[in-house]
Amino acid sequence: MIEKLNNLDRRWIFLLMFLAVAVPIYVIGKTGKTFPETPSALAKATFDAIDDLPDGSRILLAFDFDPASEGELGPMATAFVRQCAEKKHKMYFLALWPVGPQLIQANIEKVILPDFPSYEYGRDYVNLGFKSGNEGVIKVIVTDLAQLYPADIKGTPVEKIPMMDGIRNIQAMDLIVNVSAGYPGTKEWVQYAVTPYPDKIRIVAGCTGVQAPLLYPYIPQQLPGLLGAIKGAAEYEKLVNDRYGGPHPDPKYLEGLRRMGPQLVAHILMILLIIAGNTLFFLQRRRGTSR
Amino acid sequence: MKRETTVWLVVMLVGLAMLVAKGVVSGVGREYVQTEQKRFVQVEVPPPIGADADEKPTTQWLPAADAAARSLTPVPGSTELGWTAESPVTPRAYWEGMKADPSRTDLRLSVPRTIGLWVAAFFTLAIFSFLYRDNPFYKIAEACVVGVSAAYWMVVGFWDVIMPNMMAKLSPDSVRWAIPDVTGEPEWAYTVPLVLSIMLLWRLSPKGAWIARWPLAFIIGTTAGLRLVAFLHTDFLAQIRNSILPLAVVDQTAGFQFWPSFNNIVLVGAVLACLVYFFFSFEHKGFVGGVARGGIWVLMITFGAGFGYTVMGRIALLAIRLEFLMDNWLWLIDPTNIHTKIT
Amino acid sequence: MKRLIPLWITAVSGILLIVAYFIPAWESWGEKATIWFDVLAASAFVLGGGNLLKLHLRKVSNRQAGWAYSAVTVAAFVVTLTVGLAKIGVHPSDNNPDFAWSGSYNSSGTAFWWLYEYAFKPLTATMFSLLAFYVASAAFRAFRAKNIEATLLLGTAFIVLLGRTFAGVFLTQWLPESLSGLKLENLTVWIMQVPNTAGTRAIMIGVALGIASTSLKVLLGVDRSYLGSD
């Protein structure tokens, strides 16, 4: 029996994982119910960094991710845009990842166009698009934005965009909000923007689970707020919905909270698998010793 | 026919039958769009009120509706330009629109987008099929990922960087066909990246691959220069600074704080222990060995935390794909209430 | 000549950026070099695509094993490149309707957008989602509490896995307020803020020193491996 379980076809484990994720998605999708969330201090710090700014502040939203990490980062990107829009902040979007502009556009179409119809492109938000060079881009735009971004994504020269008036570099921003899936991302923003200009540039970020533990040494001096993976997104969504969502928030703003359902079941499965694997290991070892 | 092939054939046929049944009973993935007729006219726009007397009217292309609203007449002899633009709408918005006014022609099913949705579902399932075992569907999907991604990056690099940041700088007039609003004088300094780019692409040629070493050397040198300073500043000096913490935290009003002090002591001690473990100039024996062992334990806790977070991330990536299949494609669930049939 | 000039280019460009960091008067030179670097990075995309095409075309022409899949790769590459560069289905921009090529290459509804939305996006996202299955399999087969170190790693993973979901809250909600620090969700926060920060910080310091020494070796011409062999 032990031998049989030890050599268990891994496809059974795949099937278990599939069910652990699919069944909660189905149940939550049908019932609309989500688990309660208690925001952590870091999620609150991220929320407050945006909310404590006076209305109409300038926020640079750097979307440095791609569809491969949208499952983790999509909900927090949406919530960031929503909070900034609710606060009437001026939003300057850009990306260090080639597919970033598509994700920026997707969030503009999801949040700003339907829910903030009075917002005008070029006056309230602008999509500056992607530039290659990774950290090299940050290094340039901290001193001269127009050198690398002579025009927005539509080809309109920055001097013709009203909200770009008076913006020489990103030191003019009141806050940088970074959604990061890896390199280049939050680490590079901290290295090339925040650390050399600690009095002028501030950043909060949302990042993938892989990155989050690696960014903790920057907290709080270099990185006052951080949302780690889907849990961070769910906590932040809760804060934004509590402040701006009303009694019945739009379900499109509950994506992170919904995703915590499959997360819970899959985590329990992972723990059970580790326990099962170890039980087999120790049983086998004991049998080996007794022989 | 092999037994396994038969089993798979049956599974696929049952799946297909269920899909058809689902489609007939409550519908499956479809995409809808709203069309809008865009019309532009060339008009002469008078100078704004309060402008200098010698300022002349300008000829501009404006949306026909804007021109009419401002009572601007088209330039004689100019032709009107226009096209049909599409924007996506949810199935619910389509049904509600058609219910309110069945004669509407601006709302319609989008065949290319609907085909796209099914292609996306096929690709998703093709990749998942690898979990059973390697197969031609997975291999085709894998080949597509590689081809599409490489070309995607090339296109993005060309339109987002090479054109506006190199060609437009070198010769603004030569790119006006694609970037009409480009301004400024030619900047000859950009000849350097142009030449380096050509030299870099020389690597593709069968002969003279060494020519690509120059741009490569520039890339390596610049990267080294950028990173040397940034890492020393952010990840070395600043981290030492961040680790200089009060080991006895005393609050002005509440007095000595036990837990913050404990945390700071553990943090500083753990950093030092890990650094001792990384220090290989003397043997890890005795007291040093004990401290280094403590460092290993801290690192193990760090890796455990990293593992936990990594698992969390991977599951979220799987969740979004299954949500796509169940929500967007099969319409089994509708958490955002966009495709539940209206009555 | 073939090696000496690249060595000088490396040294000058790198040292220029280091000096520019400390001398404000040189800042504009550093900025200029970085802009060239950024533009060159886009050319590297072209090089990458060209290399891929070369490799797979060779595979197809030599009828190597799996050449048919290489043909699919080439087809996908050529189609994406063509629709992207030719801006197929792109309308002119609203600001310049008289310029046929003025529209954005990735605007919604275009052929390139279609490829992004229905091919690139599902393919890359699903590819990465497979990791969830493999991490589960690895958890069952490879994670063994063989010694103290492995047990610490496993124990931490358990706490974090539970503490980052509602399970953590549910399992330890019975603990009194005086012991709230032991609640799984709070324990997770503590692990992240204290031992994890310490471990990662130590690694960070080590990596920073490693990068600094590697960079210096490259800039001073001690490490020339990037030049390859003649």
Side-chain angles (χ1 to χ4, degrees), chain A residues 11 14 17-18 21-22 25-26 28-30 32 68-72 74 98-99 101 109 129-133 135-136 139 148 150-151 153 155-157 159-160 190-192 195-196 208-210 212-214 217-218 221-222 228-231 250-252 254-255 258-259 262-263 266-267 270, chain B residues 87-88 128 131-133 152-153 155-157 160-161 164-165 168-169 178-184 222-223 226-227 229-231 233-235 237-239 241-243 302-303 305-306 308-323 325-327 332-338:
Chain A
R11 286 176 288 197
F14 293 166
M17 180 51 90
F18 174 81
V21 177
I25 290 175
Y26 184 79
I28 290 171
K30 282 287 179 196
S69 43
E70 210 182 346
E72 287 182 90
V99 281
E109 283 167 14
F130 161 78
K131 294 295 166 197
S132 59
E135 63 265 50
K139 178 82 183 154
L148 270 185
I153 199 164
T156 311
E159 56 268 26
K160 286 189 182 170
V190 171
Q191 284 181 323
Y192 297 91
T195 310
T208 56
V210 177
L214 308 175
Y218 297 136
Q221 292 93 335
Q222 294 154 289
I230 195 68
K231 167 76 171 163
D250 188 330
K252 75 179 173 188
L254 300 173
E255 207 179 330
R258 278 198 298 272
R259 222 162 272 164
Q263 207 75 41
H267 281 199
M270 285 293 298
Chain B
S87 52
F128 277 146
L131 293 168
Y132 184 72
R133 71 159 178 237
Y152 192 93
W153 282 46
V155 172
V156 172
D160 281 353
V161 184
N165 290 88
K169 298 276 186 185
I179 315 172
D181 293 325
V182 67
T183 51
T222 326
T223 308
L226 281 172
R227 291 194 172 178
V229 180
F231 273 85
H233 191 175
T234 313
D235 290 3
L237 295 173
Q239 290 318 311
R241 170 68 193 85
N242 291 353
S243 303
T302 306
F303 297 147
Y309 265 74
T310 304
V311 169
M312 187 162 57
R314 300 309 180 216
I315 289 160
L317 304 188
L318 173 61
I320 194 174
R321 292 321 299 161
L322 296 184
E323 282 170 19
L325 291 176
M326 286 196 247
D327 184 0
L332 286 173
I333 54 172
D334 188 14
T336 47
N337 198 19
I338 56 167

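Numbers restart at 1 for each chain; the letters A, B, ... are given by sequence-line order, proteins then strands. Any value given below was found using the heavy atoms of this structure, including those in side chains, with hydrogens, waters and symmetry copies removed. What you see is a predicted model; the values in this text were computed from it and never measured.
Ranking A:Gln263, A:Met270, A:Lys30, A:Glu70 against chain B, the residue ahead of the rest is A:Gln263, based on heavy-atom pairs under 4.5 Å. Annotation: maximal heavy-atom pairing with chain A below 4.5 Å, among B:Asp160, B:Asp181, B:Leu226, B:Thr234, occurs at B:Thr234. Interface check for chain A: of the options B:Thr223, B:Ile179, B:Leu131, the most heavy-atom pairs under 4.5 Å are formed by B:Leu131. Contact count against chain B (heavy-atom pairs under 4.5 Å) is highest for A:Pro98 among A:Ala229, A:Gly155, A:Pro98. Taking A:Lys160, A:Glu72, A:Lys231 one by one and counting their heavy-atom pairs under 4.5 Å with chain B, the maximum is reached by A:Glu72.
Once rounded to the nearest 0.5 Å, the distance linking OH of A:Tyr26 with CG of B:Asp327 reads 12.5 Å. Here the CD-CG distance, from A:Gln191 to B:Asp235, works out to 5.0 Å after rounding to the nearest 0.5 Å.
Between the side chain of A:Arg259 and the backbone N or O of B:Ala316, no donor-acceptor pair lies under 3.5 Å. Checking side-chain atoms of B:Asn165 against main-chain N and O of A:Leu148 turns up a donor-acceptor pair under 3.5 Å. A donor-acceptor contact shorter than 3.5 Å links the side chain of B:Asn242 to the backbone of A:Pro217. Of the possible polar contacts, none joining the A:Lys131 side chain to the B:Val161 backbone as a donor-acceptor pair under 3.5 Å is found.
Contacts of B:Arg241 classified as salt bridge (Lys or Arg N to Asp or Glu O under 4.0 Å), with partners at least two apart in sequence or in another chain: none. Residues that satisfy the ring-ring contact (aromatic ring centres under 6.0 Å, His included) test with B:Phe231, not counting sequence neighbours, are absent from this structure.
The closest side-chain heavy-atom distance from A:Glu159 to B:Thr183 is below 4.5 Å. Residues A:Tyr192 and B:Arg227 form a side-chain contact, since some pair of their non-hydrogen atoms from C-beta on lies under 4.5 Å apart. Counting heavy atoms from C-beta on, the side chains of B:Leu318 and A:Met17 come closer than 4.5 Å.
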Apply side chain to side chain contact (heavy atoms under 4.5 Å, CB included) to residues B:Trp153 and A:Val99 and explain how you reach the verdict. CA-CA 8 Å; B:Trp153 282 46; A:Val99 281; 5.7 Å; no
Going through the checks in order, is the side chain to side chain contact (heavy atoms under 4.5 Å, CB included) test met by A:Leu214 and B:Tyr309? CA-CA 11 Å; A:Leu214 308 175; B:Tyr309 265 74; over 6 Å; no
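Contact detail for B:Ile315 and A:Ala266: the closest heavy-atom pair is CD1-CB, 3.3 Å. The nearest pair of heavy atoms linking A:Pro251 to B:Pro335 is CB-O, 3.1 Å. Contact record, B:Gly306 with A:Pro213: CA-CG, 3.9 Å, taken as the closest heavy-atom pair. Closest heavy-atom contact between B:Ala319 and A:Val21: CA-CG1, 3.8 Å.
Contacts of B:Leu332 with chain A are made by both backbone and side-chain atoms, with heavy-atom separations under 4.5 Å. The part of A:Phe14 that comes within reach of chain B is its side chain, from C-beta onward, which places non-hydrogen atoms under 4.5 angstrom from that chain. Contacts between A:Pro150 and chain B at a heavy-atom distance below 4.5 Å involve the side chain alone, from C-beta outward. For chain A, no part of B:Phe128 is nearby; none of its heavy atoms comes within less than 4.5 Å. The part of B:Met326 that comes within reach of chain A is its side chain, from C-beta onward, which places non-hydrogen atoms under 4.5 angstrom from that chain. Neither the backbone nor the side chain of A:Ala151 comes within contact range of chain B, judged by heavy atoms closer than 4.5 Å. Contact annotation for A:Ser132: both backbone and side-chain heavy atoms come within less than 4.5 Å of a heavy atom of chain B.
A:Gln222 and B:Gln239 are linked by a side-chain donor-acceptor pair at a separation below 3.5 angstrom, with hydrogens and angles left out of the test.
B:Glu323 has no carboxylate O lying under 4.0 Å from a charged side-chain N of A:Arg258, or vice versa, which leaves the two without a salt bridge.
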